Amino acid sequence: MPNTALLRRVSALAVMIAMPGLALAQAPQKAPTPAANTPAANTPAAAASPAAAPSTDSVVASVNGKPITQGDLAIAADDPALSLPGVDEAQKKNLLVDYMVDLRVGAQAAEAAKIGDTPEFKRKLAYFRDKLLLDDYLEQEAKRAVTPEAEHAIYDQTVKLMKPEEEVHARHILVDNEAEAKKIAARIKGGEDFAKVAAEASKDPGSKAEGGDLGWFTKERMVPDFANAAFAMKAGQISDPIKTQFGWHVIKVEEKRTKPQPTFDELKEQIDQHLIRKSQQDMILKLRSEAKIERTDAPPAAQAAPEPKK
């Protein structure tokens, strides 16, 4: 089994060598679409299902008589160093085959040079074998932990603990001084459109193009002076000028509501990560508690300080 660190260096090099040929491949090739009433569109071939996936034992190449299989390519494809976003499947397979050929050629040369017989290599091999075993074991544990029942139990507990929060949907116009803010407030209270004035006069680049729209926010998301003013207002109300460290604001509250609870789908990814981490941590702690572990590198017990001479 080759050294994983070496694999990553080789794989990165193989991808870099292959990259000059990728530019054309990354331009999407659009297959011709037959017209609706042409014979090609109505033949059985046009509606045929995709070909079955090749067997993992299917041989794609060989190096000095040693086969490279579809299963070998699948393992290589999982290597993060060989990630090829934007490359179509046919070209990616070709790159992976070339990489596996280079890998086998290099590995066979290393075997002939007795690299695998050195104590250092054997230690590395043992380390990476243990790591791969643990990784696969943790992956199995993760699959067992993430069940619909466990997901929904965590979701129900989470939303039960969520306190209702008030949200405000507001717009604002930010200017440099109070006098300018007063003029703007007077214009809007006199009937001018808030969004139009915001697009014209606001100094806030984040909301200016949106007519000063800040969307929905909870109180802690805004600086205290701004939040206190916005949450004290009624829907449709225009504020007097409000000063914060950013300048002077004129605020319009569009709507107020109690923040809706997140849906199960919105929290599912976080729930799954929680279940995976907890199950794996619990498993490791259980294995440690059941194993006989002896540390030989612990420092010796501190010796008692000698009593001072009388």
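The figures that follow rest on heavy atoms only: side chains count, while hydrogens, waters and symmetry mates do not. This structure is a prediction, so every number in the text was calculated from the model and none was measured.
- Note that CG of N94 is 5.0 Å distant from CG of D98, once rounded to the nearest 0.5 Å.
- Residue A61 comes nearest to V101 through the heavy atom pair CB-CG2, 4.4 Å, listed as atom of the first residue, atom of the second, then distance.
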K286 vs D282, side-chain contact (heavy atoms from CB on, under 4.5 Å): CA-CA, chis, key distance, verdict: CA-CA 6 Å; K286 180 175 182 292; D282 290 348; over 6 Å; no
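- Counted by atom type alone, E255 and H169 present one or more donor-acceptor pairs between their side chains at under 3.5 Å.
- Residues T118 and E120 have side chains that never bring a donor and an acceptor to within less than 3.5 angstrom of each other.
- Under 4.0 Å is where a charged nitrogen must lie from a carboxylate oxygen, and between K292 and E294 at least one such pair does.
- Hydrophobic clustering of Ile, Leu, Val, Met, Phe, Trp and Tyr side chains at less than 4.5 Å, counting indirect connections, keeps L285 apart from I293.
- In this structure, K160 does not pair ionically with D156, as no charged nitrogen and carboxylate oxygen lie closer than 4.0 Å.
- Atom CZ of R144 and atom CE of M283 lie 8.0 Å apart (nearest 0.5 Å).
- Residues R187 and E200 form a side-chain contact, since some pair of their non-hydrogen atoms from C-beta on lies under 4.5 Å apart.
- Side chain of E180 to backbone of N177: no donor-acceptor contact under 3.5 angstrom is found.
- Looking only at distances, a side-chain donor or acceptor of T263 sits under 3.5 Å from a matching main-chain atom of E266.
- K163 contributes atom NZ, which lies 15.0 Å from atom OG1 of T258 (distance to the nearest 0.5 angstrom).
- Ionic pairing of K131 and D135 is present here: one or more N-O contacts between side-chain nitrogen and carboxylate oxygen are shorter than 4.0 angstrom.
- Note: the hydrophobic cluster containing L275 does not contain L138 (ILVMFWY, side chain heavy atoms under 4.5 Å, direct or indirect links).
- The minimum heavy-atom distance between A227 and K219, with the atom names listed, is CB-O, 3.4 Å.
- The 12-atom threshold is exceeded at NZ of K189, counting heavy atoms of other residues, nucleotides or ligands nearer than 6.0 Å.
- Side-chain N or O atoms of Q261 include one that pairs as donor or acceptor with a backbone N or O of V159 at under 3.5 Å.
- Contact annotation: the side chain of I173 approaches that of F194 to within less than 4.5 Å [non-hydrogen atoms, C-beta and beyond].
- Here the closest heavy-atom approach between residue R171 and residue G211 is recorded as NH1-O, 3.1 Å.
- Taking every heavy atom of both residues into account, F121 and G116 meet most closely at CD2-CA, 3.4 Å.
- The backbone N or O of A199 lies less than 3.5 Å from a partner atom in the side chain of K208, making a donor-acceptor pair.
- In E210, the CD atom is not crowded: 12 or fewer heavy atoms of neighbouring residues, nucleotides or ligands sit closer than 6.0 Å.
- Between K243 and E178 there is no salt bridge, since no side-chain nitrogen of the basic residue lies less than 4.0 Å from a carboxylate oxygen of the acidic one.
- Under a 3.5 Å cut-off, the side chain of S239 and the backbone N or O of P241 do not form any donor-acceptor pair.
- Distance check, rounded to the nearest 0.5 Å: CD of Q280 to CD1 of I276 gives 6.5 Å.
- We find that K92 and E89 are not joined by a salt bridge, their nearest charged nitrogen and carboxylate oxygen being 4.0 Å or further apart.
- Heavy-atom neighbours of E220 CD from other residues, nucleotides or ligands within 6.0 Å: above the threshold of 12.
- A distance-only check finds a donor-acceptor pair linking the side chain of T147 to the backbone of A150 [under 3.5 Å].
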In sequence, state the C-alpha distance, the side-chain angles, and the governing distance for K143 and Q140, and then conclude on side-chain contact (heavy atoms from CB on, under 4.5 Å). CA-CA 5 Å; K143 289 177 181 176; Q140 290 181 19; 5.8 Å; no
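- Side-chain atoms of N64 and Q108 form a donor-acceptor pair, as typed in the model, at a separation below 3.5 Å.
- Across S279 and A142, no two heavy atoms sit closer than the pair OG-CA, 4.3 Å.
- Rounded to the nearest 0.5 angstrom, W216 CH2 and E254 CD are separated by 9.5 Å.
- Taking 4.5 Å as the limit, every side-chain heavy atom of M100 sits out of range of all side-chain heavy atoms of V60.
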Mind running side-chain contact (heavy atoms from CB on, under 4.5 Å) on V250 and H172 for me, showing each step along the way? CA-CA 5 Å; V250 177; H172 84 135; over 6 Å; no
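- The closest side-chain heavy-atom distance from R104 to S62 is not below 4.5 Å.
- Closest of all the heavy-atom pairs between A76 and L82 is O-CD1, 3.2 Å.
- With a 4.5 Å cut-off on side-chain heavy atoms, Q270 and Q273 do not count as touching.
- Counting heavy atoms from C-beta on, the side chains of L287 and Y137 come closer than 4.5 Å.
- In terms of hydrophobic clustering, with Ile, Leu, Val, Met, Phe, Trp and Tyr side chains grouped at heavy-atom distances under 4.5 Å, V105 and Y99 are assigned to a common cluster.
- Side-chain contact between K256 and E166 is present, with at least one heavy-atom pair separated by less than 4.5 Å.
- Of the inter-residue distances, the one linking H249 atom NE2 with T244 atom OG1 reads 2.5 Å to the nearest 0.5 angstrom.
- In this structure, V253 shares a hydrophobic cluster with V168, L174, L214, F217, M222, V223, F226, F231, M233, I242, F246, I251, the cluster being traced through Ile, Leu, Val, Met, Phe, Trp and Tyr side chains under 4.5 angstrom apart.
- For the residue pair T69 / D72, a side-chain donor-acceptor distance below 3.5 Å is found, with atom types taken as modelled.
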Output, in order, the C-alpha distance, side-chain angles, deciding distance and verdict of side-chain contact (heavy atoms from CB on, under 4.5 Å) for I154 and H274. CA-CA 9 Å; I154 294 291; H274 167 78; 4.0 Å; yes
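- Annotation: side chain of K252 is not in contact with side chain of I188 (no heavy-atom distance under 4.5 Å).
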